[in-house]
Amino acid sequence: MSNVLPDAVRDRAAELTVQLERYNHQYYVLDAPTVPDAEYDRLFRELQMLEADYPALACGSSPTCRIGGAPLPEFETVTHRVPMLSLGNAFSDMQLAGFDARHAELIAFDERISRDLAAASVSYATEPKFDGLAVSLLYHDGVLVQAATRGDGASGENVTANIRTVRSVPLRLAAANVPAVLEVRGEVLMLKRDFERLNDTQRSNGDKPFANPRNAAAGSLRQLDSRITARRRLSFFAYAIARVEGADWPASHDGEMDWLAALGFPVVAPELRPVVQGAAGLAQYYESVLASRAALPFEIDGVVYKVNSRRLQERLGFVSRAPRWAIAHKFPAEEALTTVEAIEEQVGRTGAITPVARLAPVFVGGVTVTNATLHNEDEARRKDVRVGDTVIVRRAGDVIPEVVAVVLDKRPLRPTPGNDLFSDSSEPVYPAYRLPSACPVCGSHIVREEGEAIARCAGGLVCKAQRVQAIQHFAARRMMDIDGLGERYVENLVEFDYVKSVADLYALTLDDLLAMKQRLDAQENAATAESVTQSSVPLVEGGLFAASAPGKALPKSGKVASKWAENLLAAIAASKRPPLARFLFALGIRHVGESTGKTLADWLGTLDNVRRAPRAVLAVLPDIGGVVAESIADFFAEPQNECVIDALLAAGVQPADEHAPRAQLREKLLAANLYARLNVPRLTEVRAQQLAAQQDDLATLAATPRVDVIKLTLPAEVVNALADWLDVAGNRAVLQRIADYCRDILQATPQAEVPPLNGAIAGKTFVLTGTLPTLSREQAKALIEAAGGKVSGSVSKKTHYVVAGAEAGSKLEKALALGVTVLDEVALQQLLGGV
DNA sequence: CTCCCTCGAGTTCT
DNA sequence: CTCGAGGGAG
């Protein structure tokens, strides 16, 4: 080794670098090697040795970097100077639409663009929509200095070391006049043939094969050890320029692509990215790519149209974070045929029984599908899905597999005895689907209320499935947030009766957990020893232990097990002071979700106030009506639930009171409001007001004898109904109880809590859609609510603002259609800032 | 009583 | 994300 670097060595190294990069480019980008592999290897090793002898030579852009380097502890985050936008997908669901329908939508798109540009005919650049991962490559003076993933669009992960191993990414631009700064956007993907090869390797090594090239590419790019990435044969295609300094930026998209190719970047072949005219050209391109899809060396999930002229692109500009001049046109969801092996029922947290079709595994839309929900009995019967049927399955636009239809021709028919020629009768082997009458888990009755689509197991917490899920719900992140209490652990805890209700979680000891672990081990060993087809009774989906491969369910015994147990106990202990709203949500009261939990906490302030609240009082709160109020009151009146809550409190769980009851509660608790919610026949809103005008004290009315009640100045049928109601046993007590409750709760000094409200936001309704560059959805929601705004989930006429981020979908479209103001994150921040 | 808007609940796979 | 149903306005 030497510290001095002779000029001759430096020159030779530079020469080798240029040669190797040229061969690389010829091999990987142009797909036309000019030298034998052995020659390449010889030069490569020579450069490696020079670099080993003279460390001063080593730099990030040497071809020797392509074999990867030492693993990183983690990826650092880099902020994109120019945000990485995603494309809108303005084409509606066209799964079933034919050529003409697609055509019609293209015409509409083209017309919109032409209209906005006031142009007769628009030139579009086209390209396939790669199914890979978007990355941004930054070059300074022609040298690759940084590569980052898309992340949330505003910032991503620094994957420079990994990208350097991608052979077709130029490390140093060879062209004559390279720009001082160049930021290139493109897609990292795995070619189909490289994917096959990788999976062969995975299989022969006993590793799990990847589901699809996209996953393989993602998994490879996100390796902290770039030497692994180097072995994985990733490819890269450039498709956009984000930034140019020190050179002319081509005036059209196809010009950009040609320039990138000249600079040495791999871009898709010119015949796959023609410039076309108008809707007809787009339609023709779409059809031709769709037809040749299977023959392409890489996976695509659609095509992209871009207004070719950059001048026109600028005129069209952006809608929030998505360009208006580029659009993705996705291919219809892939469909596949498979057979129904069984139809089973799942039991949800609320006891809802959902029929699920168990399918022969079928690869569709990039994953293997084995289950598809049939939603409910009516749906299953409408589609007439039966065991043994051949069905068409697809992964609709998003993710969730769906049974599209049954292929009736293939339905198995019962053979007709003694008739060889016509051996099949027209009678199907399996009857139409019917929901069972007993819960598959606990055997309780299944009840389907009149007019309801959903059938429910009547077992309540007797039903193990419901118990397991109630506990899971309780521990989930948006509720008590008990880390490490995953599905499998909960199932085991319930199965072994360590936990019967959520309160038992707080009584768990280290010994309990370790003992449970031992029993599990014993059971496992027994199972493996027998090795018989032991079919443990399926509890929830997948069966209780079906998913727990040996050693997977819980950590191995010894130190690891006790560490796991300690962590879990710590997480449980840490969950003891949840905000009241989340605690209420966690209890799993029917009809009480995140929002209603917040309403209750907001208006009543303390757990005790919520627990004791009579039905009529609950029903005066916003968005709480008779059904929800009853559900809440019933929940707290149920002795079992009372015990659980008391046990939780005794164990030290202490929901943080929001505050005293809201000052505005006074207005809500007016006698007229309460009278109207007693469910007294004929006592309408108006009559309740008249009644309150004569008797505004509930306690007094409760004590009024019948003879005096009918003297009230109200229509005879109303006073009679009221008198009858009061005569029903217990109703006078109900009235008295409401009166007492109101008196008590109003005594608790309602602070005049008027938080500093933001005029621009208070009382306004917001809808969030897409991914915001820096704020998470939760954060944005919290900020808006803190300023007095409301955040809701769907766009309507009443929505004041839609805050759109990247990948905004139908909500953004709807906002535009309804003329609702669309904000991006910056605009939202301004609104939030300007009080 | 009839819309229309929201909220809750359920769902698949990596 | 989608569906069903509750709440509330008209």
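Just so we're on the same page: letters track the sequence lines, and every chain starts at 1.
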Please determine if a side-chain N or O atom of A:Thr368 lies less than 4.0 Å away from the OP1 or OP2 oxygen of B:dC13. no
Which residues satisfy the salt bridge (Lys or Arg N to Asp or Glu O under 4.0 Å) test with A:Asp131, sequence neighbours excluded? none
Without swapping roles, check the side chain of A:Asn673 against the backbone of A:Lys668 for a donor-acceptor pair under 3.5 Å. yes
A:Thr354 side-chain N/O to B:dT11 phosphate OP1/OP2 under 4.0 Å: yes
Side chain to side chain contact (heavy atoms under 4.5 Å, CB included) against A:Asp378, all qualifying residues, sequence neighbours excluded: A:Asn376, A:Arg448
Looking only at the side chain of A:Thr350 (C-beta and beyond, no hydrogens), which of the listed nucleotides B:dT12, B:dC7, B:dA9 gets closest? B:dA9
Check this one for me: any side-chain N or O of A:Ser595 less than 4.0 Å away from OP1 or OP2 of B:dT6? no
Side chain to side chain contact (heavy atoms under 4.5 Å, CB included) filter on A:Ala613, not counting sequence neighbours, yields A:Leu604, A:Leu618, A:Tyr741
My understanding is that only residues two or more places apart in sequence, or in another chain, count here; which of them pass side chain to side chain donor-acceptor pair (under 3.5 Å) with A:Thr149? none
A:Thr370 or A:Val592, whichever maps to the more 5' nucleotide of DNA chain B: A:Val592
Between A:Asn212 (CG) and B:dT14 (P), how many Å, whole number? 9 Å
With sequence neighbours left out, the residues meeting salt bridge (Lys or Arg N to Asp or Glu O under 4.0 Å) with A:Glu345 are none
Whole-Å distance separating the CD1 atom of A:Ile454 from the P atom of B:dG10: 7 Å
Collect all protein-nucleotide pairs involving nucleotides 6-10 of chain C in which both atoms are nitrogen or oxygen and the distance is under 3.5 Å.
from	atom 1	to	atom 2	distance (Å)
C:dG7	OP1	A:Gly625	N	2.7
C:dG7	OP1	A:Gly625	O	3.2
C:dG7	OP1	A:Val628	N	3.1
C:dG7	OP2	A:Val627	N	3.4
C:dG8	OP1	A:Asp623	N	2.7

So, is A:Arg590 near the phosphate of B:dG8, with a side-chain N or O under 4.0 Å from OP1 or OP2? no
If the cut-off is 4.0 Å, is A:Asn376 near the phosphate of C:dC3, judged by side-chain N/O to OP1 or OP2? no
Check the side chains of A:Arg456 and A:Thr350 for a donor-acceptor pair under 3.5 angstrom, ignoring hydrogens and angles. yes
Side chain of A:Ala453: nearest nucleotide among B:dG10, C:dG4, B:dC13? C:dG4
Calculate the interatomic distance between A:Glu402 atom CD and B:dT12 atom P; express it in whole Å. 12 Å
Which one, B:dG8, B:dA9, B:dT11, comes nearest to the side chain of A:Arg349? B:dA9
